[in-house]
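The next block holds one structure in the form of structure tokens; read it before the comments.
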Amino acid sequence: QVQLVESGGGLVQAGGSLRLSCAASGRTFSTDTMGWFRQAPGKEREFVATINWSDSITYITYYTESVKGRFTISRDNAKNTVYLQMNSLKPEDTAVYYCAARRTPNYSRLASEYDYWGQGTQVTVSS
């Protein structure tokens, strides 16, 4: 059974940092596209960042504009874990953050194109 389990959320003041982790199990994820999405109250789930296998050589990353320069997505295939380092957090980053996996190495910003989802972890940034 495929499982994605997020951790690392919490309450932090504006300007602070958090690192989210997503532990994957049940299949080999090394060539999957892994993504982070978030959903704030009353809003749709939105793309945050993704990391995918490119040209069988390296991974490449993509970010939504609002987090560029502040967030970093990375992965450790030996641990089957994906991370989201979040720095310089702002109150507008407050949301439930979800980890997702897509069974192809192709980049996508669309939540509907991801096959597996975690349960989410709450991130709250106070002003």
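Positions are given from 1 along the sequence. As the structure is a prediction and not an experimental result, all values here were calculated from the model.
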Mind checking side chain to side chain donor-acceptor pair (under 3.5 Å) for Lys43 and listing every partner two or more places apart, or none if nothing turns up? none

Go through the steps for Thr72 and Tyr63 under the test side-chain contact (heavy atoms from CB on, under 4.5 Å), then give the verdict. CA-CA 8 Å; Thr72 303; Tyr63 299 91; 3.8 Å; yes

Other hydrophobic cluster members with Tyr107, side-chain heavy atoms of Ile/Leu/Val/Met/Phe/Trp/Tyr under 4.5 Å, chained? Phe37, Phe47, Ile60, Tyr62, Val96, Tyr98, Tyr114, Trp117

Side chains of Met86 and Arg70, heavy atoms from C-beta outward: is any pair under 4.5 Å? no

First locate atom CG of Asn80, then atom OG1 of Thr28, and finally report the distance between them rounded to the nearest 0.5 Å. 7.0 Å

Contacts under 3.5 angstrom, residues 10-24 side chains, donor-acceptor by atom type, not counting sequence neighbours:
from	atom 1	to	atom 2	distance (Å)
Ser17	OG	Asn87	OD1	2.9

Exercise: identify the closest heavy-atom pair between Ser66 and Arg38: OG-NH2, 3.5 Å

If only atom types and distance count, is the side chain of Thr81 paired as donor or acceptor with the main-chain N or O of Lys79 below 3.5 Å? yes

What closest approach, in Å, do Asn77 and Arg75 show between heavy atoms, and which atom pair accounts for it? OD1-NE, 3.2 Å

Closest non-hydrogen atom pair, Tyr59 against Ile51: CB-CG1, 3.7 Å

Measure from the side-chain N and O atoms of Thr33 to the backbone N and O of Thr104, and report whether any donor-acceptor pair falls under 3.5 Å. yes

Val48 and Val67 have their tightest heavy-atom pair at O-CG2, 3.8 Å

Roughly how far apart are Arg45 CZ and Ser112 OG, rounded to 0.5 Å? 11.5 Å

Audit row: Asp32, Arg103, salt bridge (charged side-chain N to carboxylate O under 4.0 Å, His left out) steps and yes/no: CA-CA 5 Å; Asp32 286 6; Arg103 289 193 304 258; over 6 Å; no

Identify the two heavy atoms, one from Gly9 and one from Val123, that lie closest to each other, and give their separation to 0.1 Å. CA-CG2, 4.2 Å

So does Ser7 get a backbone contact from the side chain of Thr121, meaning a donor-acceptor N/O pair under 3.5 Å? no

Atom pair CD1 (Ile73) and SG (Cys99), whose distance is rounded to the nearest 0.5 Å: 8.0 Å

Close side-chain approach of Phe29 and Met34, heavy atoms under 4.5 Å: yes

Give the intermediate values and the outcome of side-chain contact (heavy atoms from CB on, under 4.5 Å) for residues Thr50 and Trp36. CA-CA 6 Å; Thr50 187; Trp36 286 96; over 6 Å; no

Distance alone, cut at 3.5 Å: any donor-acceptor contact between the side chains of Glu113 and Ser108? yes

Any chance the side chains of Thr124 and Gln122 put a donor and an acceptor closer than 3.5 Å? yes

Flag the pair Glu6 / Gln119 as yes when at least one side-chain heavy-atom distance between them is below 4.5 Å, and no otherwise. yes

